[in-house]
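Read through the structure below, which is laid out as structure tokens, and then see the notes.
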Amino acid sequence: MTSPSVLIQNLHTFGLPIYAERVVTAESSEQLVDVWQQAKQQQYPLLLLGEGSNMLFLEDFSGWIVLNRIKGIKISESENFWHLHVGAGENWHQLVRYSLEQNLGGLENLALIPGCAGSAPIQNIGAYGVELKDVCEYVDLLNLDTGDIARIAAQDCQFGYRESIFKHQFREGYSIVSVGLKLAKQWKPVLNYGDLRQLDPQTVTPMQVFDAVCAMRSSKLPDPKVTGNAGSFFKNPIVSAEIAAQILQQFPNAPHYPQIDGQEKLAAGWLIDACQLKGYRIGGAAVHQQQALVLINQDHATSHDVVALASYVRKQVAERFNVWLEPEVRFIGKFGERNAIEVLA
Ligand code: NAP
């Protein structure tokens, strides 16, 4: 086998100098099935990619990459809801903007999240108190072996915190081809987070929430077009009430959010910051100055730099707080996805 020769630096938001064997664009389910079968016949692993906004490539990828670019947005209505049927390859932020331009509120808190609509259910993307699961009606899933498309109702997607069935049972051999969203005609703003609390729920419009979210995100988060990154690198840890109490005894300022099951969510960014790691650098990779939860490609970083930095951050936080952070970003090795915790251990 020759070494991979197609540079994919621009196909993932970390912007690392990674090569793959081949890159193919698919604009329909038929094309996806076709590429899948060709890759299988030629014994290449196949990686489905949206905009690569939640991926860390650990090394060159000895397989094919297929970019899901299935487009189209259809809007229909029922008595109480607007229904959007969205092609998996639509850009998420443009979809949010488009829905607001059509006077449909509901997606504004999810503005500026990088990536495609079809990737949103995999992660159950979330920001500022709204998650995809709150607006998702269904996901259309293509079986790449048979070409059949099944409609999975939102309640069957096993949505959790940055979790879904698409990371488990439907990870291999399937592709999301479209997503159904359901937005209540009676719009209710969600204003529990950060600067959104300052908005007046009686008079605020979806567009004003959108603008506030864009302003907050732009001030704290690096633009991947300028500085490579994959958003939050780690998940916020959910710990038992006892562990949270131990941490709070020592660090009374630590942000903590009670969960319905009695556990507590801690802010991973705060834990990293408390270890004085903002700006900490290994090789070309660094902890972002404005938001410690984001690891950045500051200056020609390699995968090795990012892994070394993530591993260091994780160990520092564990040493100080006895909490092991789990990556939110997905790690891709030579032949496909790897277990991120094993890679960092
Ligand atoms: P932040 O306001 O500095 O808050 C830190 C963490 O505390 C957040 O991650 C959030 O958890 C939690 N939090 C804050 N207010 C909360 C509340 N009222 N109730 C419950 N939990 C609360 O966070 P940030 O970094 O600027 O991010 C703001 C939002 O954008 C968050 O929802 C975050 O998840 C989202 N975001 C996601 C990514 C990504 O790549 N996945 C990147 C940037 C921002 P949650 O994360 O559970 O909401």
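When a ligand or atom number is given, it counts from 1 through the structure's own listing order. As the structure is a computational prediction, the values presented were derived from the model and not from experiment. When reading the values below, keep in mind they use all heavy atoms of this one structure, side chains included, and skip hydrogens, waters and symmetry mates.
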Is ligand 1 under 4.0 Å from a heavy atom in the side chain of [X], in the backbone, in both, or in neither?
{"X": "Leu221", "value": "side chain"}
{"X": "Lys265", "value": "side chain"}
{"X": "Arg197", "value": "side chain"}

For Gly269, state whether at least one heavy atom is located under 4.0 Å from any atom of ligand 1.
no
Should Asn192 be listed as contacting ligand 1, given a heavy-atom distance under 4.0 Å as the test?
yes
Which protein non-hydrogen atom lies closest to [atom], naming both residue and atom, and how far is it?
{"atom": "atom 15 (N) of ligand 1", "result": "Tyr257 OH, 3.4 Å"}
{"atom": "atom 40 (O) of ligand 1", "result": "Ser232 N, 2.8 Å"}
{"atom": "atom 33 (C) of ligand 1", "result": "Arg162 NH2, 4.2 Å"}
{"atom": "atom 5 (C) of ligand 1", "result": "Ala267 CB, 4.0 Å"}
{"atom": "atom 41 (N) of ligand 1", "result": "Glu328 OE2, 2.7 Å"}

Between Tyr161 and ligand 1, does any nitrogen or oxygen pair lie at a separation below 3.5 Å?
no
May I ask you to decide if the ring planes of Phe14 and Phe233 are parallel, tilted or perpendicular, using 30° and 60° as cut-offs?
perpendicular
